[in-house]
There are 2 protein chains.
Amino acid sequence: MAAENKKQDKREAILNAAENLFAKHGYDGVTLRAIAKEAGVDVALANYHFGPKRDLFDAVLLRRAQILNSWRLEALEATVQKAAPNPPEVKDIIRAYFEPLFKRSQVQEPGWKSYYALIAYVNSSPEWGGTLMTQFFDPMIHRFLAVLKTALPGVPDKSVYWGYHCLSGALTLAFAQTGRIDHLSNDLCKSDDLPDACDYIVDFVAAGFSDMIAASEKEAATL
Amino acid sequence: MAAENKKQDKREAILNAAENLFAKHGYDGVTLRAIAKEAGVDVALANYHFGPKRDLFDAVLLRRAQILNSWRLEALEATVQKAAPNPPEVKDIIRAYFEPLFKRSQVQEPGWKSYYALIAYVNSSPEWGGTLMTQFFDPMIHRFLAVLKTALPGVPDKSVYWGYHCLSGALTLAFAQTGRIDHLSNDLCKSDDLPDACDYIVDFVAAGFSDMIAASEKEAATL
DNA sequence: TTACGTCTTCAACAATTGTTGAAATTCTAG
DNA sequence: CTAGAATTTCAACAATTGTTGAAGACGTAA
């Protein structure tokens with residue numbers, strides 16, 4: 001099995017180096033030579049394995065996307081089944097969305113952390129946020145939103161979508177791990193302590209959604 | 001006064017072009033030649049007015065930062081005074097933080113929209129998020145957090161800071177205007193309708209903070 | 001070993017990058 | 001109007017960019 005690894009050694013090394021550097025400096029901030037140097041290979045090898053630079057970028061994104069989607073769908077369906085035939089609690093749905101990202105042992109590896117930062121870069125980029133995220137994550141997210149709606153009867157769709165926008169923004173900024181919250185809070189909060197961030201974000205976001213139920217009941221009462 | 005404008009015409013044109021392009025493609029995705037072309041001037045002129053590329057980037061950020069800070073501090077102090085001697089309501093504080101960004105007539109100009117997208121880029125960049133945001137916006141934000149804490153008695157600081165992180169993430173993603181929410185919601189929500197986004201985000205975020213009070217009272221009761 | 005297909009490196013390309021010094025133009029004060 | 005300063009353009013630089021074709025090294029099966 002060491003031989004099996006050896007065979008695709010350099011290919012993986014290129015993906016790892018690209019993942020790390022793209023996450024830190026963005027697509028245009030990274031040269032193929034920088035990637036090759038970090039991976040310990042020649043410049044031309046990246047092109048041999050992945051074609052042009054842009055295709056390497058896509059390959060990096062794709063590598064972990066499916067894994068992530070399956071983890072989260074798994075957690076979501078488990079939550080649905082546990083509560084059946086009733087809809088799950090809002091907070092349990094939110095938890096199923098967040099915890100697979102942060103609470104598995106694997107995701108503490110630097111590779112996953114880089115990948116998360118890369119997702120943050122892509123999701124908040126006007127150039128790619130609208131298209132690439134859709135391409136890789138939409139089916140999972142639509143399932144999530146569908147379940148969420150069952151837990152939010154009477155809440156207008158528009159509120160749910162903007163709520164998801166808030167959720168996604170909070171998650172994206174956590175992914176970015178910029179160190180800004182560290183500064184602001186005098187190191188009370190650490191932006192690279194993702195499991196800790198997860199707990200607080202889940203509570204905050206769940207409250208935002210739960211409040212919609214109260215608001216829509218109030219709305220209905222006034223009619 | 002037209003002459004007064006004429007004098008700094010090209011300088012401003014360079015700032016506008018740089019703002020627009022940096023917001024769309026990031027720092028490394030933009031060349032000085034692209035900026036010069038969009039501004040209708042020679043490449044060398046950018047260097048003459050602003051020095052190296054990096055300094056031009058800072059100049060773009062700085063131009064509107066002070067204006068923004070003063071608008072928001074003004075709204076915040078008005079909210080504080082109105083409620084005095086009691087602390088303001090959580091939702092009113094959140095409103096004071098968001099509405100100056102979206103509800104003034106000026107900020108519907110494309111220039112401001114580009115600036116917001118640029119802030120989104122900076123804030124979610126691991127390279128600059130930790131330092132540049134601190135440099136330009138920290139005093140205003142610390143004042144905001146101080147007022148927020150008066151409205152959240154008994155809530156642990158850590159919850160407040162992570163709550164601010166969620167708020168900032170939601171705001172940042174709205175700033176980015178990636179069009180993603182449009183896709184997800186079948187155009188029910190439009191990511192470039194910032195005033196609309198503002199209303200929903202304010203409600204969502206205010207609920208997240210308000211829930212902390214209930215949670216901390218519950219916590220206290222069990223001790 | 002031999003031969004062959006895959007993987008990797010080497011060397012070089014045309015294009016583009018940020019920056020600069022000198023020339024040309026415009027503005028302004030006397 | 002004129003001299004001098006500020007602004008703007010022109011032309012060119014060395015360095016770096018993504019990409020490519022040929023040459024070399026490697027693994028594998030006969």
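Note that the coordinates shown come from a computational prediction; the quantities given were computed from them, not determined experimentally. All heavy atoms count here, side chains included; hydrogens, waters and symmetry mates do not. Lettering follows sequence order; numbering is per chain, from 1.
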Between [N] atom [atom2] and [X] atom [atom1], what is the distance in whole Å?
{"X": "Leu45(A)", "N": "dT8(C)", "atom1": "CG", "atom2": "C1'", "value": "6 Å"}
{"X": "Asp9(B)", "N": "dC27(C)", "atom1": "CG", "atom2": "P", "value": "11 Å"}
{"X": "Lys37(A)", "N": "dT9(C)", "atom1": "NZ", "atom2": "P", "value": "15 Å"}
{"X": "His25(B)", "N": "dT17(C)", "atom1": "NE2", "atom2": "P", "value": "13 Å"}
{"X": "Ile35(A)", "N": "dT17(D)", "atom1": "CD1", "atom2": "C1'", "value": "13 Å"}
{"X": "Arg11(A)", "N": "dC7(C)", "atom1": "CZ", "atom2": "C1'", "value": "12 Å"}

Taking the cut-offs as 6.0 angstrom to the six-membered ring centre and 45 degrees off its axis, would you call [X] and [Y] a cation-pi pair?
{"X": "Lys113(A)", "Y": "Phe175(A)", "result": "no"}
{"X": "Lys10(B)", "Y": "Tyr48(B)", "result": "no"}
{"X": "Arg72(B)", "Y": "Phe144(B)", "result": "no"}

Item checked: Partner set under side chain to side chain donor-acceptor pair (under 3.5 Å) for Glu77(A), not counting sequence neighbours -> Arg143(A)
Note to self: Quick one about Thr172(A) and Asn123(A) (side-chain donor to acceptor, distance below 3.5 Å, no hydrogens or angles considered), yes or no?
What the structure shows: yes
Note to self: Quick one about Arg180(A) and Thr134(B) (side-chain donor to acceptor, distance below 3.5 Å, no hydrogens or angles considered), yes or no?
What the structure shows: yes
Atom pairs under 3.5 Å: protein N/O with N/O of nucleotides 18-25 of chain C:
residue, atom, partner, partner atom, Å
dG18(C), OP1, Lys53(B), NZ, 3.1
dG18(C), OP2, Leu32(B), N, 3.0
dG18(C), N7, Arg33(B), NH1, 2.8
dG18(C), O6, Arg33(B), NH2, 3.1
dT19(C), OP2, Lys53(B), N, 2.9

Notebook entry, point to check: Should His49(B) be listed as having a side-chain N or O under 4.0 Å from OP1 or OP2 of dA6(D)?
Noted result: no
